[in-house]
Amino acid sequence: VQLQASGGGLVQTGDSLRLSCAASGRTMSTLRVGWFRQAPGKERQFVAAISQSGSNTDYADSVKGRFTILRDDAKNTVFLQLSSLKPEDTAVYYCAAGVAGASFRKLIVRTRVDEYPYWGQGTQVTVSS
């Protein structure tokens with residue numbers, strides 16, 4: 001599975017961005033997906049995740065109400081909509097994926113770095129004050 005993250009950029013406080021995570025080598029509909037971010041000198045942290053089924057999502061407290069994760073399996077892509085951006089959102093954003101498996105596992109949302117075996121290369125988001 002190869003993941004390609006894109007959509008980052010330099011924006012101002014309060015602006016919006018939409019990040020995209022495109023999958024190849026496996027159809028997105030068979031994957032659960034998460035977004036993580038890493039600021040300079042800090043550990044990679046969870047941002048948002050969506051179950052394979054698409055019915056369940058989870059967000060870090062710091063982004064709840066501002067970020068939205070959604071999937072478009074027809075486009076083999078998962079999006080992260082970023083709104084009301086703050087300078088503290090500045091980081092490299094990574095998308096990650098894993099195979100959920102059968103039945104109830106399609107409903108599970110994963111939030112830990114070590115629960116995702118596949119990672120994209122990251123896209124830089126910089127929010128100026």
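Throughout, numbering of the chain's residues begins at 1 and tracks the sequence.
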Report whether L82 and V63 are members of the same hydrophobic cluster (ILVMFWY, side-chain heavy atoms less than 4.5 Å apart, transitive linking).
-> yes

N/O donor-acceptor pair under 3.5 Å between T13 side chain and S128 backbone = yes

So, for P117 and A97, which heavy atoms are closest and what is the spacing to 0.1 Å?
-> CD-O, 3.2 Å

Shortest non-hydrogen contact from T90 toward A39 = O-CB, 3.8 Å

If you round to the nearest 0.5 Å, how far is OG1 of T68 from CG of L80?
-> 8.0 Å

Go through I69 and Y59 one step at a time and tell me if the side-chain contact (heavy atoms from CB on, under 4.5 Å) criterion holds.
-> CA-CA 9 Å; I69 186 170; Y59 298 90; 3.4 Å; yes

Do the side chain of R71 and the main chain of S51 share a donor and acceptor less than 3.5 angstrom apart?
-> yes

What about V47 and V92, same hydrophobic cluster or not, with Ile/Leu/Val/Met/Phe/Trp/Tyr joined at side-chain heavy-atom distances under 4.5 Å?
-> no

Of the non-hydrogen atoms in D72 and F79, which two are nearest, and what is the gap between them?
-> CB-CE1, 3.9 Å

E115 side chain reached by I108 side chain, heavy atoms, under 4.5 Å = no

Give a yes or no on whether the backbone of M28 and the side-chain of N76 come within a donor-acceptor separation of less than 3.5 Å.
-> yes

When you check the gap from the basic side-chain N to the acidic O, do D61 and K64 get nearer than 4.0 Å?
-> yes

So, is the end of the R32 side chain (NZ or CZ) under 6.0 Å from the ring centre of Y116 and within 45° of the ring's axis?
-> yes

Is the side chain of S53 donor-acceptor paired with the backbone N or O of K106 at a distance under 3.5 Å, no angle test?
-> yes

Value rounded to 0.5 Å, distance of CZ in R110 from CZ in R105 | 8.5 Å

Are Y118 and V109 linked, directly or through other ILVMFWY residues, by side chains that come within less than 4.5 angstrom of each other?
-> no

Considering all heavy atoms, the nearest L19-G8 contact = CD2-N, 3.6 Å

When every non-hydrogen atom of G120 is compared with those of Y94, the smallest separation belongs to O-CD2, 3.6 Å

To the nearest 0.5 Å, how far apart are SG in C21 and CD1 in I50?
-> 11.5 Å

Examine distances only and state if a side-chain atom of E43 and a backbone atom of Q38 form a donor-acceptor pair shorter than 3.5 Å.
-> no

Counting only heavy atoms not in Q12, do more than 12 sit closer than 6.0 Å to its CD atom?
-> no

Identify whether V99 and L3 are in the same connected component of the hydrophobic contact network (ILVMFWY, side-chain heavy atoms under 4.5 Å).
-> yes

Does the side chain of L17 come within less than 4.5 Å of V125's, by heavy atoms?
-> yes

Compare every heavy atom of R66 with every heavy atom of L85, then report the nearest pair and how far apart it is.
-> CA-NH1, 3.9 Å

Could I get the full list of side chain to side chain contact (heavy atoms under 4.5 Å, CB included) partners for Q4, not counting sequence neighbours?
-> Q121

Ring-face cation of R44 near F36 (centre distance under 6.0 Å, axis angle within 45°) | no

Mutual orientation of the aromatic rings belonging to F67 and Y93 [parallel < 30°, tilted 30-60°, perpendicular > 60°] = tilted

Say whether, by atom type as modelled, one donor and one acceptor occur between the side chain of T77 and the main chain of K75 under 3.5 angstrom.
-> yes

